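Please read the structure below before turning to the comments.
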Amino acid sequence: MKLKIFVFAGLLAQSVMVNANDQLALQTVKKIYEMGKSLEKGNEIIALYADQKLSRAIEVWNAAEYCVGYDVMWQSNDPPYHRKVTYTPLVNNQVKVNLVKVPYYDAASLTYKMSCAGNTCKIADIVDQFGSLKNNIAQECR
């Protein structure tokens, strides 16, 4: 009986910890978009919040003559920075972002894969209609 209680308590603690990381990931993505709106920036904000692996990929992206040619955060070449954004927390530190349709811009969605440790989350990857940002940089940038 004591073993069952111990196992249940351990699983409950792990569940609370996972949920806390998922909430931290959600709060971080919201902060990223708030900053993007106020500064009217996109890819630059992604670079600020990128984890080490994504940062290395972004360095390749920035140095490449031909590469991903749009603002990934806002899903546009000429971003409407003040469009409405909704957020859906997913499991495993992932957050789905929906960008609402506005004149001249279709609705779009993308998923942020976050890497969380302690009280900090960084962007590990972003998946949009074209796939993984890290994979696209690896395949397209030259």
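Computed from a predicted model, the values in this text were never measured in an experiment.
- Hydrophobic clustering (ILVMFWY, side-chain heavy atoms < 4.5 Å, transitive): V100 and V95 are in distinct clusters.
- To the nearest 0.5 Å, the span separating CE on M35 from NZ on K30 amounts to 16.0 Å.
- Here the side chains of I123 and I32 are in contact, with some heavy-atom distance below 4.5 Å.
- With sequence neighbours left out, the side chain to side chain contact (heavy atoms under 4.5 Å, CB included) criterion links K41 to L39, E44, I45.
- In this structure, the side chains of Q52 and R56 come closer than 4.5 Å at one or more pairs of heavy atoms.
- Looking at residues two or more places apart in sequence or on another chain, you find no ring-ring contact (aromatic ring centres under 6.0 Å, His included) involving Y105.
- Using a 4.5 Å heavy-atom cutoff, the side chains of N98 and T88 are in contact.
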* Begin with the C-alpha distance, continue with both residues' side-chain angles, and end with the deciding distance and a verdict on ring pair (Phe, Tyr, Trp, His ring centres under 6.0 Å) for Y66 and W61. => CA-CA 8 Å; Y66 300 103; W61 181 5; over 10 Å; no

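- Under a 3.5 Å cut-off, the side chain of R83 and the backbone N or O of V102 do not form any donor-acceptor pair.
- The OH atom of Y70 sits 5.0 Å away from atom CD of Q75, with the distance rounded to the nearest 0.5 Å.
- Two residues are said to be in side-chain contact when any heavy atoms from C-beta on lie closer than 4.5 Å; I58 and I46 meet this criterion.
- Here the NE2-OG distance, from H82 to S38, works out to 8.5 Å after rounding to the nearest 0.5 Å.
- In this structure, the separation between NZ on K53 and NZ on K122 is 15.5 Å, given to the nearest 0.5 Å.
- Taking every heavy atom of both residues into account, S55 and A47 meet most closely at OG-O, 4.4 Å.
- Residue L133 holds its CG atom at 10.0 Å from CG of L110, rounded to the nearest 0.5 Å.
- Salt bridge annotation for K134-D125: absent, with no cationic side-chain nitrogen under 4.0 angstrom from a carboxylate oxygen.
- D22 contributes atom CG, which lies 9.0 Å from atom CD of Q94 (distance to the nearest 0.5 angstrom).
- Every residue two or more places apart in sequence or in another chain was checked for a ring-ring contact (aromatic ring centres under 6.0 Å, His included) with Y49, and none qualifies.
- Taking all atoms of both residues into account, the shortest heavy-atom contact from N21 to G118 is OD1-O, 4.4 Å.
- Looking at Y81 and D71, their side chains never bring a donor and an acceptor atom within 3.5 Å of each other.
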